[in-house]
Amino acid sequence: MSIEIPAGLEELLIRFTVDVLRNQPRDVLDFALRYFERLNQNRGEDSPSAASRPGTKVNLSQETHCTEGKAEEDVELFAPATSTFTRRVSVSAETYNPYNEEEEHRECRIIHSKTDKQRQCLQEACRDILLFKNLDTKQMSEVLDAMFERRVQEDEHIIDQDDNGDNFYVIERGTFSIYMKVDGEERLRGTYKNHGSFGELALMYNTPRAATIIATSVGALWCLDRVTFRRIIVRNNAKKRKLYEAFIKSVPLLESLKSGERMKVVDVLCCQLYSDGERIIAQGDSADCFYIVESGQVRITVNKNGAETEIAVYSRGQYFGELALITNMPRAAFVYAVGNVQCLVMDVDAFERLLGPCKDIMKRNIANYKKQLAKLFESDTDIACLPPNT
């Protein structure tokens with residue numbers, strides 16, 4: 001059996017539910033009457049009515065799992081019709097406690113149907129998203145189930161700076177430009193090309209969008225709604241904060257960051273394990289990540305005239321891989337695991353957004369790197385051949 005659900009109904013009900021939970025009215029029915037009367041009065045004259053927009057046909061046999069001590073019900077929360085994406089509706093930032101385990105059992109699982117081909121494309125797009133690296137198999141499956149596809153056109157605004165956050169976005173294909181307001185002017189701060197993700201910070205911290213993202217070509221995005229993102233990603237990161245908070249405070253590089261900034265760094269870090277002798281970085285490769293040694297040791301070598309020469313060994317709290325990110329040049333050295341090694345890894349996009357205050361410290365080390373290699377090889381060394389930090 002199929003039924004047509006009016007476009008925009010899901011967004012409307014989510015916003016109403018958030019207001020009910022925030023206000024905790026004694027009489028929900030009376031609150032609902034006043035809520036929708038006020039909403040109708042405030043509706044702009046040029047806003048298209050829900051009845052005039054196409055809906056989405058859905059199959060009621062699919063299921064959503066809501067656990068409140070009751071049996072699972074055959075009900076599903078569906079995505080709004082594609083036409084509702086012509087302009088987003090701001091979502092109010094709800095109060096959320098990621099440490100409340102009882103809350104987890106009361107929340108509903110959102111499922112959007114996908115073909116096998118769509119799911120395969122989604123899995124490929126999400127493969128390198130660091131936010132997902134620490135999720136277990138069940139959590140990752142729920143994330144993939146909840147994501148829905150959005151087709152975009154050239155010059156379309158995906159998010160606008162200072163708006164409220166509604167979705168987290170993973171790029172399937174297409175190119176996108178990042179703009180930020182500086183002294184009242186919008187300036188280009190970066191680009192995405194056929195991969196990457198954005199929109200997580202506003203959802204994690206209940207803050208307005210920090211940048212404007214505009215599509216510069218026809219493309220496609222996978223979107224994760226705010227509710228699912230906060231239920232899975234934010235809760236998982238809250239647990240990770242507890243685990244890594246003390247360690248991050250001990251990293252000298254991050255001492256200059258404020259406490260809130262350090263916690264944002266924790267949220268985008270992913271834990272990677274390496275076995276003895278495993279190569280972590282290869283000299284000459286393009287730079288995509290920054291590393292902090294959490295446990296174990298890593299060996300740094302530089303290829304000189306066909307032979308690798310060891311220049312340093314790093315241990316807990318030391319970092320590497322930042323130089324290529326700062327200079328936009330290929331990797332300057334090889335890095336190998338010594339014994340079993342655990343590193344915290346940050347991708348290049350998060351590095352650019354969150355470690356700006358630390359870049360001056362990193363840049364000051366460049367002269368030291370150059371002196372170190374010049375002394376080692378008794379010759380001047382071009383910056384392209386510099387190793388990671390000491």
Side-chain angles (χ1 to χ4, degrees), residues 7-8 10-11 53-54 56 78-91 110-133 140 143-181 186-204 208-229 233 268 286-289 328 347-353:
E10 183 188 21
E11 289 180 336
R53 296 193 298 250
T56 302
F78 294 91
T82 304
S83 61
T84 61
F85 283 125
T86 53
R87 190 68 184 125
R88 294 172 294 103
V89 179
S90 293
V91 180
I110 298 175
I111 302 176
H112 293 282
S113 301
K114 300 173 184 67
T115 64
D116 291 342
K117 184 177 180 181
Q118 284 180 314
R119 196 170 185 88
Q120 184 177 357
C121 290
L122 175 56
Q123 288 176 324
E124 182 65 23
C126 293
R127 185 180 60 183
D128 297 322
I129 304 300
L130 287 181
L131 273 175
F132 297 157
K133 293 287 188 180
M140 192 64 212
V143 166
L144 295 178
D145 286 342
M147 297 186 82
F148 56 95
E149 190 176 28
R150 170 180 173 181
R151 303 293 178 89
V152 299
Q153 301 299 319
E154 186 175 356
D155 296 327
E156 182 177 344
H157 284 232
I158 312 304
I159 62 177
D160 287 306
Q161 189 169 342
D162 298 326
D163 275 5
N164 291 324
D166 49 5
N167 296 310
F168 169 65
Y169 299 93
V170 175
I171 299 170
E172 179 183 338
R173 64 180 182 276
T175 55
F176 303 82
S177 291
I178 308 166
Y179 292 92
M180 294 185 70
K181 294 176 184 175
E186 283 199 343
R187 298 183 185 178
L188 181 66
R189 300 302 297 268
T191 58
Y192 296 103
K193 186 175 181 180
N194 294 316
H195 76 280
S197 61
F198 56 86
E200 73 278 11
L201 294 181
L203 304 187
M204 285 179 171
R209 295 295 194 187
T212 296
I213 308 290
I214 301 175
T216 54
S217 71
V218 173
L221 298 166
W222 287 102
C223 312
L224 182 63
D225 67 276
R226 178 188 187 89
V227 174
T228 304
F229 182 94
I233 307 299
V268 298
S286 58
D288 56 358
C289 290
N328 294 316
D347 69 21
V348 60
D349 297 323
F351 180 88
E352 290 289 340
R353 292 199 312 265

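Starting from 1, each residue takes its place in the sequence as its number.
- The shortest heavy-atom contact between Lys114 and Ala146 is NZ-N, 4.3 Å.
- The side-chain contact (heavy atoms from CB on, under 4.5 Å) test applied to Lys181 returns Gln161, Asp162, Glu186, not counting sequence neighbours.
- Rounding to the nearest 0.5 Å places CG of Leu221 at 11.0 Å from CZ of Arg151.
- Taken to the nearest 0.5 Å, the CG atom of Leu203 stands 10.5 Å off from the CG atom of Asn164.
- Residues Ile129 and Val170 meet the side-chain proximity criterion, which asks for heavy atoms closer than 4.5 Å.
- Residues Val143 and Phe132 are in side-chain contact: their nearest non-hydrogen atoms beyond the backbone lie under 4.5 Å apart.
- A donor-acceptor distance shorter than 3.5 angstrom exists from the side chain of Arg226 to the backbone of Gly165, with no hydrogens or angles considered.
- Arg209 places a side-chain N or O within 3.5 Å of a backbone atom of Gly199 that can act as its donor or acceptor partner.
- Taking CG of Asp225 as the reference point, atom SG of Cys223 lies at 9.5 Å (rounded to 0.5 Å).
- For the atom pair CZ (Arg189) and OG1 (Thr212), the distance works out to 12.5 Å, reported to the nearest 0.5 Å.
- A 4.5 Å side-chain heavy-atom check between Arg150 and Trp222 finds every atom pair outside the cut-off.
- Partners of Thr216 by side-chain hydrogen bond (donor to acceptor under 3.5 Å, both in side chains), not counting sequence neighbours, listed by chain and number: Thr175.
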Asn167 and Phe229: CA distance, side-chain angles, deciding distance, side-chain contact (heavy atoms from CB on, under 4.5 Å) verdict: CA-CA 8 Å; Asn167 296 310; Phe229 182 94; over 6 Å; no
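- Side chain of Asn194 to main chain of Gly174: a donor-acceptor pair is present (N/O by atom type, distance under 3.5 Å, no hydrogens or angles).
- At least one side-chain heavy atom of Ser197 sits less than 4.5 Å from a side-chain heavy atom of Phe168.
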Under 3.5 Å, which donor-acceptor pairs link side chains of residues 117-127 to any protein atom two or more places apart or in another chain?
| unit_1 | atom_1 | unit_2 | atom_2 | d |
| --- | --- | --- | --- | --- |
| Gln118 | OE1 | Thr115 | N | 3.0 |
| Gln118 | NE2 | Glu149 | OE1 | 3.3 |
| Arg119 | NH1 | Asp145 | OD1 | 3.0 |
| Arg119 | NH2 | Asp145 | OD1 | 3.2 |
| Glu124 | OE2 | Arg127 | NH1 | 3.4 |
| Glu124 | OE2 | Arg127 | NH2 | 3.2 |

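- Counting only heavy atoms from C-beta outward, the side chains of Val218 and Val152 never approach each other to under 4.5 Å.
- For the pair His195 (side chain) and Lys193 (backbone), a donor-acceptor distance under 3.5 Å is present.
- At a threshold of 4.5 Å between non-hydrogen side-chain atoms, the residues Ile178 and Thr191 do not count as touching.
- Atom CG of Asp163 and atom NE2 of His157 lie 10.5 Å apart (nearest 0.5 Å).
- Annotation: the span from Ser177 atom OG to Ile158 atom CD1 amounts to 11.0 Å, rounded to 0.5 Å.
- With a 4.5 Å cut-off on side-chain heavy atoms, Ile159 and Phe198 count as touching.
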